Amino acid sequence: MNPSNPQTHAAASAQAPPTEARPSNFVRDIILADLQTSKYGGRVQTRFPPEPNGYLHIGHAKAICLDFGLADEFGGHTNLRFDDTNPQKEETEYVESIMQDVKWLGFHWDGLFYASDYFDQLYEWAVQLIKAGKAYVDDLSADQIREYRGTLTQPGKDSPYRNRSIEENLNLFERMRAGEFPDGSRVLRAKIDMASPNLNMRDPVMYRILHAEHHRTGNKWCIYPMYDYAHGQSDSLEKVTHSMCTLEFEDHRPLYNWFIQQLGIFPSQQIEFDRLNLTYTLLSKRKLLQLVQEGHVSGWDDPRMPTLVGIRRRGYTPEAIRNFCNSIGVSKTNGVIELAMLEHFVREDLNKRAPRVMAVLRPLKVVIDNYPENQVEQMDAVNNPEDPRAGTRKVPFSRVLYIEQDDFRENPPKQYYRLSPGREVRLRYGYFITCANVVKNDKGEIVEVHCTYDPATRGGNSPPDGRKVKATIHWVAAAHAIDAEARLYETLFTKEDPNQTEAGQDFTANLNPRSLEVIHDARLEPSLANPAVGERYQFERLGYFSVDRDSKPGRPVFNRTVALKDTWARIEKGAERSQRGKG
RNA sequence: UGGGCCGUCGACUAAUGGUAGGUCAAGUGCCUUUGGAGCACUUUGUCUAGGUUCGAAUCCUAGCGGCCCAGCCA
């Protein structure tokens, strides 16, 4: 693609496969306009700037798709830049995981940078601002600075140190850097306007003293730049043309521009868009950290977590996440996306690629009385009806089988057309069977269902007499079954908005006690004896499952990524509702 | 009650003064060896009130509602 030709976007859009749709949005419109006016010489340069203080989550995925997607669409470039200006919170471990997550999502950065790469340059520029009378060293304490800042409705007042001489400021700032002063004793501030209605412009702090070891610069520095002083200048140094960030930074844009103007450096432009919000989901690093630290989840990669490592372990694909991000749009509205939207995109992707297998989560023993005692037949099963190239496999059939407990009802309700006494159903790829009677234990629970089969329906085909059956159910041959563990998930929180709590409670009050259900005695068809970790399957009629790293040889562990859409469940729920309505 | 931003179907998002469209959700039907998938159809929307205009979701004015900002966090 020719980056100087704004026309190329049309061709790029046309060539993009439908699954990677690139819808229009206001950021894209700004870029389009800038290309038209050649504001940056037809260049598009973006950056994804995470702070390495935690794991990336689905909200970051939206930003990543925007930053990388837009640059890519216009033949531009995207840097990965770690915003590592606070050594007290940042660690190399997070740097590693962030790089892995970005790669896993399918993106490739052009430059790999760190804000800490620019510490020398930032320091020189600070000196330049001091010399221009635009910055000063303040001896006020943090508390005093807060007092002097004023309030939302009242202007602040000048610090008594605001009008120090340039020489004194230069001397003090140099000594701050040299380590002569303790943490918190002084800061460097921009000299702007203590009466500004925008609090960010009331002489913001540029540097603070922090005698802390930095994950990259070690002990070279004991003063560190603040976000506002570092971010725009980093963008400028990288010649970033379009610097996208979330809405809460709108108030910072005047400051972003102020530093760039005072310094007379490359004019990057900041564009703010809406942060992703998802129902039943928390997307705040601080709160996710709390969930991990208080043990509400097993770790950052617990499959219930919205972190990229979590949803990856859950079985989500990068394609599904990208399609989701590209479909939800980008705007400045504060909205909440329904979780169902995300789930739709995993189903859509997995439906096309996941091989189908048969697995029984809650086994109920079925004996086919008229089937030969020791006979085993190898039945042909289609691996993926959506993809003929996936071929077929053999599944053993015999006299004793397991079916799903849900697929049998002694007293079937209306509209239930699975197995029940006297009723005939199809065993998928097996035979038609008819329920003859049930065996109960002392407690009256059904422990065994006895059936007869029709040999004329081998493979599950309709018999010559044209008899039809209303239900097809899945099964596993008892003698050949693989024992497995299955982990089923519900939302981590019971409320659409987990932050909506009674007074005195925090979001943990909304934790869903049923968010994890472990099934210890699932039975799988024999092809699933030793599946590869991370492999994804559709358990027919149940959902998409992926192989967890906790799997042991001969005993796989599966995470349910998402259930299949379940029409019967909806009917049953509706029936319950109308029942309650009557009562 | 200072400043900034935002209000379009239940949710998200298009329409850039000229037919309010798409996706998800919900519902109906068809089809089906997954009550899956697919296909077809349907319901519901421009925050309010004025104004400008041949014509307003779009422009203007005034209300109303929501979000963000008083870290030496990012």
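Computed from a prediction, not measured in an experiment: that's the story for all the values here. Convention: sequence-line order gives letters A, B, ...; per-chain numbering from 1.
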- Query: How many Å lie between CZ on Arg347(A) and P on G36(B), as a whole number?
  - Reply: 11 Å
- Message: Would you measure the distance from the P atom in C64(B) across to the matching atom in G22(B) and give it in whole Å?
- Response: 36 Å
- Query: What about the rings of Trp475(A) and Tyr429(A), do their centers lie closer together than 6.0 Å?
  - Reply: no
- Message: Ignoring hydrogens and geometry beyond distance, is the side chain of Glu250(A) in donor-acceptor contact with the base of G3(B) at under 3.5 Å?
- Response: no
- What interatomic distance, in whole Å, is found between C1' of U8(B) and the corresponding atom of A20(B)? 8 Å
- Message: Walk along nucleotides 69-74 of chain B from 5' to 3' and tag each nucleotide B, S or - by protein heavy-atom contact under 4.0 Å, base first, then sugar-phosphate.
- Response: BBSBSB
- Query: For RNA chain B, what string of dots and brackets results from 5' to 3' when Watson-Crick and G-U pairs need both distances under 3.5 Å, crossing pairs get [ ], and pairs with another strand get |?
  - Reply: .((((((..((((....[..)))).(((((.......)))))....(((((..]....))))))))))).....
- Query: So, Tyr118(A) versus Tyr123(A), ring centres under 6.0 angstrom or not?
  - Reply: no
- Nucleotide nearest Glu540(A) (side chain, heavy atoms from C-beta), chosen from U23(B), U34(B), C67(B): U34(B)
- Message: Between G65(B) and G29(B), how far apart are the two C1' atoms, rounded to whole Å?
- Response: 41 Å
- Query: How long is the line joining NE2 of His344(A) and C1' of G22(B), in whole Å?
  - Reply: 12 Å
- Note on the structure: Picking from U34(B), C5(B), A14(B), the nucleotide nearest the side-chain atoms of Asn25(A) would be A14(B)
- Cationic tip of Arg81(A) above Phe113(A) ring, under 6.0 Å, 45° of axis: no
- Aromatic centroids of His231(A) and Tyr227(A) separated by under 6.0 Å: yes
- Note on the structure: Walking RNA chain B from its 5' end, the first of Thr153(A) and Thr472(A) to be reached, judged by nearest nucleotide, is Thr153(A)
- Query: Donor-acceptor pair under 3.5 Å: do we get one between Arg418(A)'s side chain and the base of G35(B)?
  - Reply: yes
- In Trp221(A), Phe119(A), Tyr114(A), the residue satisfying ring pair (Phe, Tyr, Trp, His ring centres under 6.0 Å) with His214(A) is Phe119(A)
- Message: Within the structure provided, determine whether Arg189(A) and Ser159(A) are in side-chain contact (heavy-atom separation under 4.5 Å).
- Response: yes
- Message: Could you check, using the six-membered ring where one of them is a Trp, whether Phe539(A) and Phe545(A) have ring centers closer than 6.0 angstrom?
- Response: yes
- Rounded to whole angstroms, how far apart are CG on Asn384(A) and P on U32(B)? 20 Å
- Distance test, side-chain N/O of Ser331(A) to OP1/OP2 of C6(B), below 4.0 Å: no
- Query: Hey, does the side-chain of Glu386(A) have a donor or acceptor N/O within less than 3.5 Å of a partner on the base of G38(B)?
  - Reply: no
- Item | Same-atom distance (C1') from G66(B) to G27(B), integer angstrom | 31 Å
- Task: For this output row, return yes or no: ring centroids of Phe432(A) and Tyr453(A) closer than 6.0 angstrom.
- Result: no
- Message: Between P on U13(B) and CD on Glu338(A), what's the gap in Å once rounded to a whole number?
- Response: 12 Å
- Of Gly460(A) and Ile328(A), the one whose nearest nucleotide on RNA chain B sits closer to the 5' end is Ile328(A)
- If the P atom of C60(B) is compared with that of C5(B), how far apart are they to the nearest Å? 13 Å
- Message: I want to know whether Tyr316(A) and Phe345(A) have ring centres closer than 6.0 Å.
- Response: no
- Message: Quick check on Arg177(A): does its CZ atom have over 12 non-hydrogen neighbours (other residues, nucleotides or ligands) under 6.0 Å away?
- Response: yes
